[in-house]
Amino acid sequence: MLALKASVRNGRLVLDEPTELPEGAVVDLVAVGADVLDDLDGEEREALDEALAEGIAQDEVGDTVDADEVLAYLRARVP
């Protein structure tokens with residue numbers, strides 16, 4: 001994956017650095033920043049931050065389940 005930074009200027013995206021992408025290359029852009037990523041209110045944002053912190057803490061002590069196990073479990077539940 002190639003990560004590039006761009007800024008909005010006069011409603012247009014302008015790369016902040018040179019690139020060697022070929023002419024006509026299609027690039028998918030993802031906006032970064034809490035104000036553009038979602039419409040969570042303060043309480044929802046706090047709940048999300050707490051849930052993420054809890055998940056990180058669980059991972060740090062090894063209290064995790066392998067993703068393949070979770071997917072196998074979910075697939076087995078589908079009728």
Side-chain angles (χ1 to χ4, degrees):
M1 181 173 105
L2 174 63
L4 301 169
K5 288 186 179 183
S7 299
V8 178
R9 295 193 187 116
N10 294 320
R12 303 254 180 198
L13 292 167
V14 179
L15 284 177
D16 295 336
E17 53 199 48
T19 179
E20 294 184 20
L21 292 170
E23 187 70 24
V26 176
V27 178
D28 293 323
L29 300 172
V30 177
V32 177
D35 58 331
V36 295
L37 289 178
D38 58 49
D39 57 355
L40 298 179
D41 63 28
E43 188 175 300
E44 292 169 325
R45 169 66 54 200
E46 185 176 332
L48 175 60
D49 289 343
E50 288 174 9
L52 290 171
E54 181 181 344
I56 291 168
Q58 288 174 320
D59 180 60
E60 288 174 347
V61 298
D63 184 15
T64 60
V65 178
D66 186 79
D68 290 332
E69 292 178 34
V70 173
L71 292 173
Y73 170 79
L74 293 173
R75 287 183 184 118
R77 295 186 58 184
V78 176

ask   = Under a single-linkage rule joining Ile, Leu, Val, Met, Phe, Trp and Tyr whose side-chain heavy atoms are separated by less than 4.5 Å, which residues share a cluster with Leu74?
value = Val65, Val70, Tyr73
task = List for me each residue that meets side-chain contact (heavy atoms from CB on, under 4.5 Å) alongside Leu40, sequence neighbours excluded, and say none if there are none.
result = Asp38, Glu44, Arg45, Leu48
key: side-chain hydrogen bond (donor to acceptor under 3.5 Å, both in side chains) pairs, two or more places apart, involving residues 46-58   = none
Atom pairs and distances, donor-acceptor, side-chain atoms in residues 2-14, under 3.5 Å, two or more places apart:
unit_1 : atom_1 : unit_2 : atom_2 : d
Ser7   : OG     : Asp16  : OD1    : 3.0
Ser7   : OG     : Asp16  : OD2    : 3.1

query = For Ala25, which residues count as a side-chain contact (heavy atoms from CB on, under 4.5 Å) partner, sequence neighbours excluded?
reply = Leu21, Pro22
ask   = Which pairs, with at least one residue in residues 67-79 and sequence neighbours excluded, count as a salt bridge (charged side-chain N to carboxylate O under 4.0 Å, His left out)?
value = none
key: Shared hydrophobic cluster for Leu15 and Leu29 (ILVMFWY, side-chain gaps under 4.5 Å)   = yes
request  = Inspect the surroundings of CD in Glu17 and state if more than 12 heavy atoms from other residues, nucleotides or ligands are less than 6.0 Å away.
outcome  = yes
